[in-house]
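What follows is a set of notes on a single structure, which appears directly below.
Here, residue 1 is the first one in the sequence, and each next residue gets the next number.
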Amino acid sequence: MDLLLSAHADDVAYSIGGLLLKGYCHEPKLVTVFQKSIYAPYSVESGSSEAVICNIRYAEDIAYANKLGLQHEGIGLKDVTLRGYTNLDTIFTVTDYRQDPDAEASIQAIQSFLNTQTGVTRLWVPLGIGNHIDHIILQKAVLLWSATSSLEKIFYEDVPYTGFEELSTIETWVQQTLGAAELEMIDICQHLEEKLQNLQLYSSQVSSEDLERVKFHAQRIVAGTAVERIWRQKT
């Protein structure tokens with residue numbers, strides 16, 4: 001089984017939605033980590049209660065999982081909008097993840113969840129490109145976790161944040177995060193349009209500008225096609 005860790009509803013769809021359409025994963029299970037939120041900027045319910053927003057985001061996750069035939073589970077942690085970050089710009093500027101007041105508890109919860117999972121052969125994890133604190137906490141939870149069984153860890157690029165970075169900056173980030181790592185580029189040219197269509201299932205969170213950023217990053221890496229990139233940490 002491939003266990004796909006998504007920091008929020010939409011991150012897996014953004015980052016590896018093409019390779020999922022291509023059938024790259026075996027028995028994929030989508031796991032949304034930071035499920036609780038009050039962030040739904042493009043919903044008519046924007047500004048509503050936490051319960052309303054969480055229900056909207058959960059429904060979008062389920063719609064996406066059903067569309068792609070994924071199992072789905074959530075860990076139910078609070079995202080940055082419920083952890084005291086009053087200025088959303090600051091979620092990208094935390095220099096040490098341990099400064100987050102819930103970092104330790106979140107990491108413990110993620111690792112405890114991973115310890116309950118059986119039959120997992122590949123674990124998919126965000127690289128943390130863009131430095132979103134939730135993505136960093138999830139990435140650290142996996143890097144600091146002692147797996148109870150042998151499995152392959154695959155790190156994916158955090159789209160659309162990658163679209164704001166130079167390719168050389170991304171490569172430097174990967175080296176600093178994983179050390180030596182093997183890169184694989186997966187051609188999704190035939191699946192790019194469907195990937196973009198599927199992202200619109202997350203209508204409360206995804207804008208037309210976001211979709212353009214997804215397309216830009218996919219098409220700039222190899223001329224004439226579209227790709228998604230994944231990285232394997234060398235042991």
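In this structure, the side chain of E45 does not engage the main chain of V52 through any donor-acceptor pair within 3.5 Å. Counting only distance, with no hydrogens or angles, the side chain of S46 and the backbone of S43 share no donor-acceptor pair below 3.5 Å. Although no hydrogens or angles enter the test, the distance criterion places a donor-acceptor pair under 3.5 Å between the side chain of T121 and the main chain of M1. W173 places a side-chain N or O within donor-acceptor distance of the main-chain N or O of L127, the cut-off being under 3.5 Å. At distances below 3.5 Å, not a single donor-acceptor pair connects side-chain atoms of R213 with backbone N or O atoms of P160. In this structure a side-chain-to-backbone donor-acceptor pair under 3.5 Å is present from N131 to F92. Between the side chain of K22 and the backbone N or O of D187, at least one donor-acceptor pair lies under 3.5 Å. Looking at E228, its side chain does come within 3.5 Å of a backbone N or O of L19 through a donor-acceptor pair. Side-chain atoms of T177 do not come within 3.5 Å of backbone N or O of V174 as any donor-acceptor pair.
At least one side-chain heavy atom of L5 sits under 4.5 Å from a side-chain heavy atom of L114. Using a 4.5 Å cut-off on side-chain heavy atoms (C-beta onward), N115 and W145 make contact. Using a 4.5 Å cut-off on side-chain heavy atoms (C-beta onward), V33 and S6 make no contact. The shortest side-chain heavy-atom distance between Y64 and N198 falls under the 4.5 Å cut-off. Considering only heavy atoms from C-beta on, F155 comes within 4.5 Å of L143 through its side chain. At a threshold of 4.5 Å between non-hydrogen side-chain atoms, the residues L167 and R220 count as touching. Residues I170 and H217 are in side-chain contact: their nearest non-hydrogen atoms beyond the backbone lie under 4.5 Å apart. Taking 4.5 Å as the limit, every side-chain heavy atom of Q200 sits out of range of all side-chain heavy atoms of V206.
In the model, Y24 has a side-chain atom that pairs as donor or acceptor with a side-chain atom of E184 under 3.5 Å. S207 and D210 share a donor-acceptor pair across their side chains, judged by distance under 3.5 Å alone. No donor-acceptor contact under 3.5 angstrom links the side chains of Q219 and T225, judged on distance only. Residues R57 and Q205 bring a donor and an acceptor atom of their side chains to less than 3.5 Å of each other. Checked by atom type, the side-chain pair K29/Q117 shows a donor-acceptor distance below 3.5 Å.
Two different hydrophobic clusters hold V227 and W124 under the rule that ILVMFWY side chains link at heavy-atom gaps under 4.5 Å. Residues I56 and L201 do not share a hydrophobic cluster, clusters being chains of Ile/Leu/Val/Met/Phe/Trp/Tyr side chains in contact below 4.5 Å. Hydrophobic clustering of Ile, Leu, Val, Met, Phe, Trp and Tyr side chains at less than 4.5 Å, counting indirect connections, unites L144 with V142. Put simply, V44 and Y202 are part of two different groups of oily side chains (I, L, V, M, F, W, Y) that touch within less than 4.5 Å, one to the next. A chain of hydrophobic side-chain contacts below 4.5 Å, direct or via other Ile, Leu, Val, Met, Phe, Trp or Tyr residues, connects L30 to L21.
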**Request:** Could you check V94 against Y85 for side-chain contact (heavy atoms from CB on, under 4.5 Å), going step by step and ending with a plain yes or no?
**Result:** CA-CA 11 Å; V94 178; Y85 290 81; 4.1 Å; yes
**Request:** Please lay out, stage by stage, how E194 and K67 fare under the test salt bridge (Lys or Arg N to Asp or Glu O under 4.0 Å).
**Result:** CA-CA 11 Å; E194 187 175 0; K67 178 71 163 49; 3.4 Å; yes
**Request:** Step by step, work out the ring-ring contact (aromatic ring centres under 6.0 Å, His included) result for H135 and Y161.
**Result:** CA-CA 11 Å; H135 291 228; Y161 304 129; 5.7 Å; yes
**Message:** Under the criterion side-chain contact (heavy atoms from CB on, under 4.5 Å), I'd like the reasoning laid out for D96 against Q99: C-alpha separation, chi angles, the key distance, then a yes or no.
**Reply:** CA-CA 6 Å; D96 185 337; Q99 295 170 348; 4.0 Å; yes
**Request:** Take K36 and D79, measure what salt bridge (Lys or Arg N to Asp or Glu O under 4.0 Å) needs, and give me the verdict at the end.
**Result:** CA-CA 6 Å; K36 296 179 181 178; D79 81 351; over 6 Å; no
**Steps toward side-chain contact (heavy atoms from CB on, under 4.5 Å) verdict (V214, L196)** = CA-CA 8 Å; V214 173; L196 295 173; 3.9 Å; yes
**Item:** CA sep, side-chain torsions, deciding dist, call: I133, Y97, side-chain contact (heavy atoms from CB on, under 4.5 Å)
**Value:** CA-CA 7 Å; I133 184 60; Y97 72 95; 3.9 Å; yes
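Minimum heavy-atom separation, K195 to Y14: NZ-O, 2.8 Å. For the pair V120 and L123, the tightest heavy-atom approach, listed with the atom from each and the gap, is CG1-N, 4.5 Å. Smallest separation of non-hydrogen atoms from Y42 and S203: CB-O, 3.4 Å. Listed here is the closest heavy atom pair of L77 and A109: CD2-CB, 3.8 Å. Nearest heavy atom pair, residue Q35 against residue I75, reads OE1-N, 3.6 Å. Here the shortest heavy-atom pairing between L70 and P28 reads CD2-CG, 3.4 Å.
Within a 6.0 Å radius of CD in E104, other residues, nucleotides and ligands contribute 12 heavy atoms or fewer.
Atom CG of residue L82 and atom CZ of residue F34 lie 11.5 Å apart, to the nearest 0.5 angstrom. The structure places CD1 of I137 at 5.0 Å from OG of S106, a figure rounded to the nearest 0.5 Å.
For H8 and Y39, the ring centers are positioned 6.0 Å apart or more.
Remark: of the listed residues I186, I188, L4, V159, L4 is the sole one forming a side chain to side chain contact (heavy atoms under 4.5 Å, CB included) with I16. The residue from D10, D11, D61 that alone fulfils the side chain to side chain contact (heavy atoms under 4.5 Å, CB included) condition with T32 is D61.
Pairs passing the salt bridge (charged side-chain N to carboxylate O under 4.0 Å, His left out) check and including a residue from residues 155-174, sequence neighbours excluded, read E157-R229.
Residues forming a side chain to side chain contact (heavy atoms under 4.5 Å, CB included) with E152 (at least two apart in sequence, or on another chain): R122, I154, R232.
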